[in-house]
Student: 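I'd like to ask you about the structure that follows.
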Amino acid sequence: MAFTLVTWNINSVRLRAGLVEKLLTEEAPDVLCLQECKSPVELMPAEAFAALGYTHFVARGQKGYNGVAIISRLPMRDAGHIDWCAKGDARHVAGELENGVVIHNMYVPAGGDVADREVNEKFGHKLDFVAEMRDRFRESLPEKSILVGDLNIAPREDDVWSHKKLLKVVSHTPIEVEAYHEAQEAGKWVDITRQDIPEGQLYSWWSYRAKDWDGADKGRRLDHIWASGDIAAAGHSSRILRAARGWEKPSDHAPVFARFDL
DNA sequence: ATGGTTGGTCTCCAA
């Protein structure tokens with residue numbers, strides 16, 4: 001069984017349902033994971049996706065914030081979610097394919113503006129969230145699993161436009177990068193994007209605030225596709241659809257792709 | 001050093 005998987009922070013699935021349909025039509029992935037849907041589940045436009053053949057849909061939502069959804073044209077069952085940091089946030093949903101592979105769709109807290117948990121509780125929440133990921137993966141080693149989503153951390157020097165200028169900027173601080181690696185190593189997760197594209201600058205997000213996002217190209221790689229060690233060799237053909245950042249009324253994130261032969 | 005843009009909801013908060 002082979003399938004193409006995409007992760008995309010959509011920044012409102014209701015406002016950008018048309019862009020999701022464009023991606024499904026033009027790129028025809030088998031499974032699409034969305035974050036920041038900003039909608040209760042019952043108001044997510046699942047029918048529009050079903051009309052394109054994507055008849056399987058699992059999601060967790062809430063009004064205005066967070067929200068994650070998995071849209072699939074392959075049979076998929078709801079495999080639950082974890083209430084990270086016990087806040088009741090809709091930041092995780094899992095779907096299981098017929099081959100037993102579980103896809104975890106995650107939205108890690110952005111962490112606010114100040115990289116100091118003493119003065120910014122949102123940064124503390126982010127660190128606690130990623131530490132909980134580490135602890136849970138230590139408790140139970142993931143198998144036959146894929147973890148995707150907006151992890152809001154750019155771990156490598158070539159995952160940001162300027163390593164030096166971003167060392168104190170939330171998303172690329174050493175404490176976050178350390179936490180990211182601890183979580184990854186605890187689960188023996190393999191970064192499929194970097195397994196496929198080991199060298200060079202790679203971004204999946206460009207700020208709305210840039211005058212010329214494409215020309216300035218001050219991006220960060222915040223969106224990730226990880227696979228558990230037992231199936232990592234099945235991952236290939238990674239790419240980031242940068243063009244989607246230039247679509248009409250775009251999300252500030254671009255879709256990240258990988259293919260799996262399982 | 002600062003401000004820059006966008007979305008959702010209800011006047012500002014989150015990103």
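Atoms considered below: every heavy atom in the structure, side chains included; atoms not considered: hydrogens, waters and symmetry mates. In the text below, chain A, chain B and the rest are named by the order of the sequence lines, each starting its count at 1.
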Student: Going by the rule salt bridge (charged side-chain N to carboxylate O under 4.0 Å, His left out), which residues pair with A:Arg242 if we only count those two or more places apart in sequence or in a different chain?
Tutor: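 By the salt bridge (charged side-chain N to carboxylate O under 4.0 Å, His left out) rule, A:Arg242 matches A:Asp214, A:Asp217.
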
Student: In whole angstroms, how far is the C1' atom of B:dC13 from the CG atom of A:Asn120?
Tutor: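 To the nearest whole Å, that distance equals 13 Å.
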
Student: To the nearest Å, how far apart are A:Lys126 NZ and B:dA15 P?
Tutor: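 Rounding to the nearest Å, NZ of A:Lys126 and P of B:dA15 are 10 Å apart.
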
Student: Output the rounded distance in Å from CH2 (A:Trp205) to P (B:dA15).
Tutor: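 Atom CH2 in A:Trp205 sits about 13 Å away from atom P in B:dA15.
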
Student: Check this for me: A:Glu26, atom CD, are more than 12 non-hydrogen atoms of other residues, nucleotides or ligands nearer than 6.0 Å?
Tutor: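 Counting other residues, nucleotides and ligands, CD of A:Glu26 exceeds 12 neighbours.
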
Student: If we take the P atom in both B:dT9 and B:dA14, what is their distance in whole Å?
Tutor: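 The answer is 14 Å between these two P atoms.
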
Student: Send over the distance from A:Tyr107 OH to B:dA15 C1', rounded to a whole Å.
Tutor: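 The answer, rounded to whole Å, is 6 Å.
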
Student: Roughly how far apart, to the nearest Å, are B:dG7 and B:dG3 at atom P?
Tutor: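 Their P atoms lie roughly 22 Å apart.
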
Student: Go along nucleotides 2-12 of chain B 5' to 3' and tag each nucleotide: B for a protein heavy atom under 4.0 Å from its base, S when only backbone or sugar atoms are that close, - otherwise.
Tutor: --BBSSSS---

Student: Rounding to a whole Å, what distance do you find between A:Asn9:CG and B:dA15:C1'?
Tutor: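 A:Asn9 atom CG is separated from B:dA15 atom C1' by 9 Å.
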
Student: From the options A:Asn11, A:Asn105, A:Asn9, select the one residue that forms a side-chain hydrogen bond (donor to acceptor under 3.5 Å, both in side chains) with A:Asp150.
Tutor: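 Answer after filtering A:Asn11, A:Asn105, A:Asn9: A:Asn9.
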
Student: Any Lys/Arg nitrogen of A:Arg194 or A:Asp158 sitting under 4.0 Å from an Asp/Glu carboxylate oxygen of the other?
Tutor: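 Salt bridge: yes.
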
Student: C1' atom, B:dT6 versus B:dA1: distance in rounded Å?
Tutor: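 Taking atom C1' in both B:dT6 and B:dA1, they lie 24 Å apart.
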
Student: For A:Thr4 and A:Arg259, test the side chains for any donor-to-acceptor distance below 3.5 angstrom and give the result as yes or no.
Tutor: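 Yes.
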
Student: Answer yes when A:Lys22 and A:Glu248 have at least one side-chain N-carboxylate O distance shorter than 4.0 Å, and no when they do not.
Tutor: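 Answer for the salt bridge query: no.
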
